[in-house]
2 protein chains.
Amino acid sequence: MSTCETCVVRNRAICAGLERDELALLNAIGRRRTVTAGESLIWEDDDSLLVANVIEGVLKLTTSTEDGREQIVGVAYPADFIGRPFGQTSRASVVALTDARVCVFSRNDFDRFAREHPELEHKLLERTLSELDRTRSWMMLLGRKNAAEKIATFLLEMSERLAETGCTPAFGPADRFALPFSRQQVADVLGLTIETVSRQFTRLKNEGVIDLPSRREVEILDRPALKALAG
Amino acid sequence: MSTCETCVVRNRAICAGLERDELALLNAIGRRRTVTAGESLIWEDDDSLLVANVIEGVLKLTTSTEDGREQIVGVAYPADFIGRPFGQTSRASVVALTDARVCVFSRNDFDRFAREHPELEHKLLERTLSELDRTRSWMMLLGRKNAAEKIATFLLEMSERLAETGCTPAFGPADRFALPFSRQQVADVLGLTIETVSRQFTRLKNEGVIDLPSRREVEILDRPALKALAG
DNA sequence: CGCCGATTTTGACATCCGTCAACGTCTGTC
DNA sequence: GACAGACGTTGACGGATGTCAAAATCGGCG
């Protein structure tokens, strides 16, 4: 029996909308995999022969310069699609931030299946267009916002995206959540250093805008203030 | 008779690969438009009901903060697709940098046509995936590169993209070209100020890496050096 | 050719953020 | 429960880039 049928992201991932028999075919070429926190799924510059759907967990997409500077260029949550179909190979690594479960396909298999199923390609197109929108608004942040605005924007986005994922079906953004990022990783998302991130966090805490119950937890105490700071 | 048939981007834009009769249908819902340099095609935050193919010229995609800071989040060249199909509206303005000719569609018409023509959707998907790759590598630049590296990377990218467009079919990157950007617009692409851009340009000129025959013209004299600086 | 406004360059200075270094605090293991 | 190592915080300082201001140059137009 198809494992797709019981998949938790069944209705949100790009496979949504496929017929029962199509799903069986897709299921035949894919396989489930777990990735432990810190483990790589795709390495920068290997001609990544994998694509995947995220079932559970959070993964980062990163690019690096030769001298070791890193930039996180995307974050994949459950139901998100990972990898670069159709011939091209993009220079980004994919690394799990939390333990994760993914549904992987060989790129060739996926390419072939996609071309034969326009409905799937359409879903992938919509998802890619949304991701491009999100990425472009992140360019604004990277190019034009200062450290305080970056941190505020980041916290607001986290509270929204983690809520979408959460068990409780989207009763607005979460006011309290566990960051899937270390301080260094937050820095790599925002184009800052770990020290600047730390200082901005404590500043927001001292001003009563947020609370930091533990290293990885954040509670938003004054959302309007945070929105004002985000610019 | 279909104007598509004589279109200069006929073989490169997303309409490539359509059959004669499909092209006639597409032609029926689209119309040619000219946009003069500086003119807007789409405004930020109006629920842009347009999508378009670029036939000729260069346009910028920008987002702005309330206090007027601007970031150029994309640049569209001939054969590129502009706009946001499928329901969502992205917050970006599209403004012509040079006089341009575009082929515009109402979004509803285009959406309907695309859904009925998987080959077109596939082309659009490939293009969107490439654009996402490009945008992500630009995030690296914005987040992690210093002013000198930004300028060097920018000049190299310009020399490649303008060569693709040029009349002479891609004999490698152009060593001499006319920038479609003012200094301010270069700054808006790179997340810098106009002063920093100007200083870096003159520094490269003094070091003999480039020449600046006029305000808008650039000649790359020492490409290896420029590549080394790009990091 | 000569003028005008826009654009670009250059300079002096300020500041935000990165760098380097020391210290503090978690978390897991024995 | 104590230790070790990773991770995070704090402080002092410097430098790259932004800001403000003025001068120079370009390009269009009479």
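Worth saying up front: this structure is predicted, and the values here are computed from it rather than measured.
Remark: C1' of D/dT9 and NZ of A/Lys205 are 11 Å apart, rounded to the nearest angstrom. Computed from coordinates, the B/Leu212 CG to C/dT8 P distance equals 12 Å when rounded to whole Å. A/Arg183 has its CZ atom 14 Å from the C1' atom of C/dG24, to the nearest Å. Remark: C1' of C/dT7 and CG of B/Asp188 are 14 Å apart, rounded to the nearest angstrom. Note: CZ (B/Arg203) to P (C/dT9) measures 15 Å, nearest angstrom. When rounded to the nearest whole Å, the span between CD1 of B/Ile151 and P of D/dT17 equals 10 Å. C/dT7 atom C1' lies 12 Å from atom CD of B/Gln185, rounded to whole Å. Between the P atom of D/dC7 and the CD1 atom of A/Ile194 lies a distance of 9 Å, rounded to the nearest Å.
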Base versus backbone protein contacts along nucleotides 15-21 of chain C [heavy-atom cut-off under 4.0 Å; B, S, -]:
--SSBB-
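With 3.5 Å as the limit, one finds no donor-acceptor pair spanning the side chains of B/Arg176 and B/Ser159.
Scanning for ring-ring contact (aromatic ring centres under 6.0 Å, His included) contacts around A/Phe181 gives A/Phe154, with sequence neighbours left out. With sequence neighbours excluded, the residues satisfying side chain to side chain donor-acceptor pair (under 3.5 Å) with B/Glu149 are A/Arg69. Under the rule for a side chain to side chain donor-acceptor pair (under 3.5 Å), B/Arg134 has no partner lying at least two apart in sequence or in another chain. Listed by chain and number, the residues in a side chain to side chain donor-acceptor pair (under 3.5 Å) with B/Ser198 amount to none (sequence neighbours excluded). A search for side chain to side chain donor-acceptor pair (under 3.5 Å) contacts involving B/Arg199 returns nothing, not counting sequence neighbours.
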Which atoms of nucleotides 26-29 of chain D (N or O only) lie under 3.5 Å from a protein N or O atom, and what are those distances?
unit_1	atom_1	unit_2	atom_2	d
D/dC26	O4'	B/Arg215	NH2	3.3

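A distance-only check finds no donor-acceptor pair linking the side chain of B/Glu160 to the backbone of B/Glu157 [under 3.5 Å].
Classification of A/Asp80 and A/Arg161 as a salt-bridged pair holds, one side-chain N sitting under 4.0 Å from a carboxylate O. Ion pair A/Glu131/B/Arg136 flagged as a salt bridge, since at least one NZ, NE, NH1 or NH2 atom sits closer than 4.0 Å to an Asp/Glu carboxylate oxygen.
Taking the six-membered ring where the residue is Trp, the centroids of A/Phe81 and A/Phe110 are separated by under 6.0 Å.
Pairs passing the side-chain hydrogen bond (donor to acceptor under 3.5 Å, both in side chains) check and including a residue from residues 54-63 of chain B, sequence neighbours excluded, read B/Glu56-B/Arg101, B/Lys60-B/Glu70. Listed by first and then second residue, the salt bridge (charged side-chain N to carboxylate O under 4.0 Å, His left out) pairs involving residues 186-198 of chain A are A/Asp188-B/Arg144 (not counting sequence neighbours).
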List the atom pairs, with distances to 0.1 Å, where a side-chain N or O of residues 204-212 of chain B and a protein N or O form a donor-acceptor pair under 3.5 Å, not counting sequence neighbours.
unit_1	atom_1	unit_2	atom_2	d
B/Asn206	ND2	B/Thr202	O	3.3
B/Glu207	OE2	B/Arg203	NE	3.3

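In the helix from C/dC1-D/dG30 to C/dC30-D/dG1, the rotation axis of the first five pairs and that of the last five pairs differ in direction by 40°, rounded to 10 degrees.
Annotation: proximity of residues 62-73 of chain A to DNA chain D (heavy atom, distance under 4.0 Å) is found for no residue.
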